[in-house]
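To keep things clear, I will list the structure first and then write my remarks on it.
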Amino acid sequence: MSWLFLFLAGLFEVAWAIGLKYTEGFTRPLPTVFTIVCILISLGLLGLALKSLPVGTAYAVWTGIGTVGTAILGIVLLGEAATAVRLACIGLILAGIVGLKLSSSV
């Protein structure tokens, strides 16, 4: 269950990171509330995952999911550059996430 909590926490991290862009400096109420709710859910789920996962592994995977997801949505939704180098770096982060999962004893 802890890996599921961690995965969901990572997805909510992506949601709040993208939502943060739409708050326009916290001047738009609806995106601001969405972003704050996603932050709270993400941190809550991370806390649940940390009950049984090592903090170093869980934090690295959480931030990795957030980084990869946010970078991909930045490309898809916000028209950010999708250069070969950038995509390769995203792939390396993804490989690190998978490696941490496979090397975990939990």
All N/O donor-acceptor pairs, side-chain side in residues 60-79, below 3.5 Å, sequence neighbours left out:
from, atom 1, to, atom 2, distance (Å)
Trp62, NE1, Ala9, O, 3.4
Trp62, NE1, Ser42, OG, 3.0
Thr63, OG1, Tyr59, O, 3.0
Thr63, OG1, Ala60, O, 3.2
Thr67, OG1, Thr63, O, 2.7
Thr70, OG1, Gly66, O, 2.6

With sequence neighbours excluded, what pairs up with Arg86 under the side-chain hydrogen bond (donor to acceptor under 3.5 Å, both in side chains) test? Glu80

Can you tell me how far the [atom1] atom of [X] sits from the [atom2] atom of [Y], to the nearest 0.5 Å?
X	Y	atom1	atom2	value
Leu48	Leu8	CG	CG	10.5 Å
Thr83	Leu87	OG1	CG	6.5 Å
Ser52	Leu6	OG	CG	9.5 Å

Under 4.5 Å between side-chain heavy atoms, hopping through other hydrophobics if needed: is there a path connecting [X] to [Y]?
X	Y	answer
Leu45	Met1	yes
Leu30	Val37	no
Val85	Ile93	no

If I compare all heavy atoms of Leu20 with all of Thr23, which pair ends up nearest, and what's the gap? O-OG1, 2.8 Å

On a heavy-atom basis, the closest approach of Ser2 and Ala49 is O-CB, 3.4 Å

Under the salt bridge (charged side-chain N to carboxylate O under 4.0 Å, His left out) definition, can you give me all pairs with a residue in residues 15-24, not counting sequence neighbours? Glu24-Arg28

Got a sec, which pairs hit salt bridge (charged side-chain N to carboxylate O under 4.0 Å, His left out) with one end in residues 35-52, sequence neighbours left out? none

Running the 4.5 Å side-chain criterion over Ile, Leu, Val, Met, Phe, Trp and Tyr, what cluster does Ile36 land in, apart from itself? Leu40

May I have all residue pairs that pass ring-ring contact (aromatic ring centres under 6.0 Å, His included) and include part of residues 11-42, sequence neighbours excluded? none

